[in-house]
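Structure record follows, encoded as structure tokens.
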Amino acid sequence: MVSKKSDETYCGKRLMADFYEQDVLTVAPSLLGKILVVKQPSGDVLRYKITETEAYRGHEDRACHASKGKTRRTEVMFRRGGYVYVYFVYGMYWMLNVVTGPENEPQAALIRGIEGYEGPGRLTRVLGIDGTFYGEDLTSSKRIWIEDNGYKASFITSPRIGINYAGQPWVDMPWRFILTA
DNA sequence: TCATTGATTTCA
DNA sequence: GAAATCAATGAT
């Protein structure tokens with residue numbers, strides 16, 4: 001056993017590229033129960049269990065920002081899974097997404113809730129996540145990553161929130177995943 | 001239910 | 001340039 005302790009994580013397994021490169025409809029529900037780890041500028045390390053996610057899937061999904069093509073804002077979604085996609089909405093809130101799937105397959109899982117802080121805008125505020133996290137690599141970043149603690153999650157699904165503009169059939173796709181136990 | 005808030009996108 | 005849009009929250 002290695003007892004060396006540094007700022008690297010050693011308790012729990014950091015999720016690597018092979019996890020994120022799966023389809024978003026596999027990754028999004030799999031993220032439930034995983035531990036989101038964010039290191040603060042102060043040096044504190046915050047750990048929260050992920051409780052709610054949503055899947056945004058590729059150019060066909062009209063609710064996905066990348067469905068209209070690659071722009072500076074959505075560019076990171078076209079990379080391989082494992083990068084962080086952060087964007088700003090309603091003039092106040094940062095949204096935290098995890099890019100999934102292979103390269104040139106724009107997909108992302110929106111982290112909608114963590115234990116104790118339900119709501120995508122609330123969790124980023126608590127964790128101190130802002131635009132500087134755009135493009136961070138979850139497989140190598142020193143300040144944000146996700147760990148697997150072996151927890152087996154059960155969950156329910158429902159339609160996604162706040163995407164009525166996307167129209168059918170996307171409005172009713174049950175691509176929101178909520179941890180139940 | 002409505003005010004807040006500003007980057008992105010769309011229309012000229 | 002200007003106007004409309006928006007994966008939200010919290011106060012009323």
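Since the model is a prediction, treat every value here as computed from it, not as a measurement. Just so it is clear: chains get the letters A, B, ... in the order the sequence lines come, proteins before strands, and each one is counted from 1.
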Return the value, rounded to whole Å, for the distance between atom CH2 of W94(A) and atom C1' of dG6(B). 10 Å
To the nearest Å, how far apart are L110(A) CG and dA8(C) P? 8 Å
Inspect the contact between D23(A) and R57(A) and indicate whether a charged nitrogen and a carboxylate oxygen are less than 4.0 angstrom apart. yes
dA8(C), dT4(B), dG6(B): which one has an atom nearest the side-chain heavy atoms of F88(A)? dG6(B)
What nucleic acid atoms does R160(A) come within less than 4.0 Å of, heavy atoms only: base, sugar-phosphate, or nothing? nothing
Nearest-Å distance for atom pair OH/C1', residues Y90(A) and dC6(C): 5 Å
Kindly point out which of dT4(B), dA8(C), dG10(C) is positioned nearest to the side chain of R125(A)? dG10(C)
Which nucleotide sits closest to the side chain of M92(A): dT4(B), dG10(C), dA8(C)? dT4(B)
Can you tell me how far P of dT10(B) sits from NE2 of H65(A), to the nearest Å? 11 Å
Does a nitrogen or oxygen in the side chain of T71(A) sit under 4.0 Å from OP1 or OP2 of dT8(B)? no
Length of the line joining Y93(A):OH and dA3(B):C1', which is rounded to integer Å: 11 Å
Using a strict 4.0 Å threshold on nitrogen-to-oxygen distance, state whether R160(A) and E54(A) make a salt bridge. no
With sugar-phosphate meaning primed atoms plus P, OP1 and OP2, does I161(A) contact a base, only sugar-phosphate, or nothing at under 4.0 Å between heavy atoms? sugar-phosphate
Less than 6.0 angstrom separating the ring centers of Y48(A) and Y117(A), yes or no? yes
Rounded to whole Å, OH of Y87(A) lies from P of dT9(B) at a distance of 12 Å
Hey, are D137(A) and K142(A) close enough for a salt bridge, meaning a charged N less than 4.0 Å from a carboxylate O? no
